*Asks:* 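Starting off with a structure, shown below.
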Amino acid sequence: MLKVFSMKVTEEEAFTKRWAGYLSACRQAEAVKKKSEQDRRLYLAAEILLNRSLEVLDMPIERPAVYRRNPYGKPYLLTSEPIYVNWSHSKEYVILALADREVGVDVQEMKTEPKQSLIQRTLQPEELIVYDSAPQEQQKRLFYQYWTVKESYLKALGTGFYTPLDTFYVGMDELCPQIVQRIRERDYSCQLLVMPNKDYAAALCVEGEASLRLHPVTVELL
């Protein structure tokens, strides 16, 4: 099982009220601590999308779903069967992946032109060769593709950026980028995702070598 859902988060006040039944009291209490209204709305929307997705898939899980986090903050559903979950948000969109194995997902709005210092910190020498040789008008999208693949992989590992970026690099492919590891980990497969809005880049990584080529993934808008 491998499904990816996204939700556009509107600014209307009625947004969270309309989806109140999909929110836990704990999440709502934590949302109050967020610095901005948009951060609060996105934080709530992540749990809304999780529970709405479980409902759409008719998963036998009580909702709002209960989950714990590992020491690095990655959420894990408390279920009798292994169902793995990961989510990400950027600006107007929240994206969520559900799978029967370790999974990571990331989405980024591509509005901001990346600074050269960020490019140098993020991309490895092998990636910089590809980036520098790309036509200038394609470089911004390429950088965000690299970024989302890297982050989705680190989230699939369960460590986030606690794993140094120089321990792997991305062999960029039009559909299924390859993670080339310098320190051997479990094998993971990655895929670039097409969001409903072309101004966003997104990527998915799941445990298992070449598994995404066998199971093409599309993003469903809820």
Side-chain angles (χ1 to χ4, degrees), residues 2 4-9 36 38-39 42 45-46 74 86-97 103-157 159-183 185 187-207 209-213 215-221:
L2 180 59
V4 179
F5 298 97
S6 69
M7 174 179 283
K8 186 174 182 180
V9 183
S36 70
Q38 179 65 3
D39 287 344
L42 286 168
K74 183 178 181 179
N86 198 241
W87 58 67
S88 175
H89 54 73
S90 180
K91 298 300 181 182
E92 291 183 319
Y93 280 92
V94 175
I95 188 170
L96 176 135
V103 64
V105 69
D106 188 57
V107 62
Q108 297 290 331
E109 186 191 38
M110 297 186 291
K111 183 177 181 180
T112 304
E113 193 74 37
K115 294 182 179 180
Q116 191 62 34
S117 58
L118 179 61
I119 294 169
Q120 292 295 324
R121 289 199 310 272
T122 303
L123 301 186
Q124 296 301 298
E126 297 87 348
E127 299 161 344
L128 282 168
I129 293 172
V130 177
Y131 177 84
D132 290 337
S133 64
Q136 187 173 2
E137 65 273 12
Q138 298 177 16
Q139 287 183 336
K140 182 171 76 169
R141 174 171 287 275
L142 181 59
F143 171 80
Y144 281 103
Q145 288 175 336
Y146 273 122
W147 180 276
T148 55
V149 171
K150 286 171 179 283
E151 186 151 351
S152 64
Y153 167 64
L154 293 174
K155 293 170 76 176
L157 284 180
T159 62
F161 285 99
Y162 285 94
T163 294
L165 291 177
D166 62 3
T167 59
F168 70 96
Y169 69 89
V170 177
M172 188 53 71
D173 180 276
E174 187 175 348
L175 179 61
C176 296
Q178 180 185 6
I179 298 295
V180 182
Q181 304 175 49
R182 306 186 198 278
I183 299 176
E185 294 279 0
D187 289 317
Y188 285 83
S189 302
C190 300
Q191 181 175 313
L192 296 173
L193 300 172
V194 178
M195 290 292 292
N197 187 321
K198 63 181 179 60
D199 294 327
Y200 289 77
L204 170 77
C205 280
V206 298
E207 186 177 8
E209 186 178 5
S211 58
L212 284 176
R213 294 186 184 276
H215 303 281
V217 179
T218 57
V219 180
E220 299 183 33
L221 182 63

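Values reported hereafter were calculated over all heavy atoms of this structure, with side chains retained and with hydrogens, waters and symmetry mates removed. Values in this document were obtained by computation on a predicted structure and should not be read as measured data.
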*Asks:* OG1/Thr148 to CE/Met195 distance, rounded to the nearest 0.5 angstrom?
*Replies:*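 Output value for this atom pair is 10.5 Å.
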
*Asks:* Rounded to the nearest 0.5 Å, how far apart are CG of Leu221 and CG of Asn197?
*Replies:* 10.5 Å

*Asks:* Can you see which heavy atom on Leu193 is nearest to which on Ala203, and at what distance?
*Replies:*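 Smallest heavy-atom distance, with atoms named: CD1-C, 4.0 Å.
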
*Asks:* Is there a side-chain contact between Asp173 and Leu192 in this structure, where contact means two heavy atoms from C-beta onward sitting under 4.5 Å apart?
*Replies:* no

*Asks:* Mind checking side chain to side chain donor-acceptor pair (under 3.5 Å) for Thr159 and listing every partner two or more places apart, or none if nothing turns up?
*Replies:*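 Side chain to side chain donor-acceptor pair (under 3.5 Å) list for Thr159, sorted by chain: Thr163.
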
*Asks:* Say you draw a straight line from CD of Glu220 to CD1 of Ile95; how long is it, rounded to the nearest 0.5 Å?
*Replies:* 11.5 Å

*Asks:* Contact between His89 and Val9 at the side-chain level, heavy atoms closer than 4.5 Å - yes or no?
*Replies:*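 In short, these two side chains do not touch, never coming nearer than 4.5 Å.
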
*Asks:* Any chance OH of Tyr162 has more than 12 other-residue heavy atoms, nucleotides or ligands included, within less than 6.0 Å?
*Replies:*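 Open.
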
*Asks:* Nearest 0.5 angstrom please: Thr112 OG1 to Leu118 CG, how far?
*Replies:*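 It comes to 10.5 Å.
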
*Asks:* Using only atom types and a distance under 3.5 Å, with no angle test, would you say the side chain of Lys155 pairs donor to acceptor with the backbone of Trp87?
*Replies:* yes

*Asks:* Could you list the residues that satisfy side chain to side chain donor-acceptor pair (under 3.5 Å) with Asp106, not counting sequence neighbours?
*Replies:*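 Expected list: Ser88, Gln108.
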
*Asks:* Among all residues two or more places apart in sequence or in another chain, which pass the side chain to side chain donor-acceptor pair (under 3.5 Å) test with Ser6?
*Replies:*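 None.
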
*Asks:* Starting at CG of Leu42, measure out to OG of Ser36 and round the result to the nearest 0.5 Å.
*Replies:*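 Going from the CG atom of Leu42 to the OG atom of Ser36 covers 8.0 Å.
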
*Asks:* Any sub-3.5 Å donor-acceptor pair from Asn86's side-chain atoms to Val105's backbone N or O?
*Replies:*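 Yes; at least one donor-acceptor contact below 3.5 Å.
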
*Asks:* Mind checking what makes side chain to side chain donor-acceptor pair (under 3.5 Å) contact with Glu92, not counting sequence neighbours?
*Replies:* none

*Asks:* SG of Cys190 to SG of Cys205, below 2.5 Å?
*Replies:*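 Yes, Cys190 links to Cys205 through a disulfide.
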
*Asks:* Is any side-chain heavy atom of Gln191 closer than 4.5 Å to a side-chain heavy atom of Val206?
*Replies:*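 They are not in side-chain contact.
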
*Asks:* Heavy-atom distance under 4.5 Å between the side chains of Pro125 and Tyr169, does that happen here?
*Replies:*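 When only atoms from C-beta onward are counted, Tyr169 and Pro125 do not touch, as no gap falls below 4.5 Å.
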
*Asks:* Quick one: does any side-chain atom of Gln38 pair with a main-chain N or O of Lys91 as donor and acceptor, under 3.5 Å?
*Replies:*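 Present.
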
*Asks:* Under the 3.5 angstrom rule, does the side chain of Thr122 hit a backbone N or O of Ile119 as a donor-acceptor pair?
*Replies:* no

*Asks:* Which pairs, with at least one residue in residues 121-132 and sequence neighbours excluded, count as a salt bridge (Lys or Arg N to Asp or Glu O under 4.0 Å)?
*Replies:* Glu126-Arg182, Glu127-Lys150

*Asks:* Starting from the C-alpha separation in whole Å, work towards a yes-or-no answer on side-chain contact (heavy atoms from CB on, under 4.5 Å) for Asp199 and Tyr93.
*Replies:* CA-CA 11 Å; Asp199 294 327; Tyr93 280 92; over 6 Å; no

*Asks:* In residues 134-141, what donor-acceptor pairs under 3.5 Å come from side-chain atoms, sequence neighbours left out?
*Replies:*
unit_1, atom_1, unit_2, atom_2, d
Gln139, NE2, Tyr131, O, 2.9
Gln139, NE2, Ala134, O, 3.4
Lys140, NZ, Met110, O, 3.0
Arg141, NH2, Lys198, O, 2.7

*Asks:* Which heavy atom of Tyr200 sits nearest to which heavy atom of Ser90, and what is that distance?
*Replies:*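 Of all heavy-atom pairs spanning Tyr200 and Ser90, the closest is CE2-O, 3.3 Å.
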
*Asks:* Taking the side chain as every heavy atom from C-beta outward, state whether Glu151 and Phe161 have any pair of such atoms under 4.5 Å apart.
*Replies:* yes

*Asks:* Measure the spacing between CG of Leu204 and OH of Tyr153 and express it to the nearest 0.5 Å.
*Replies:* 14.5 Å

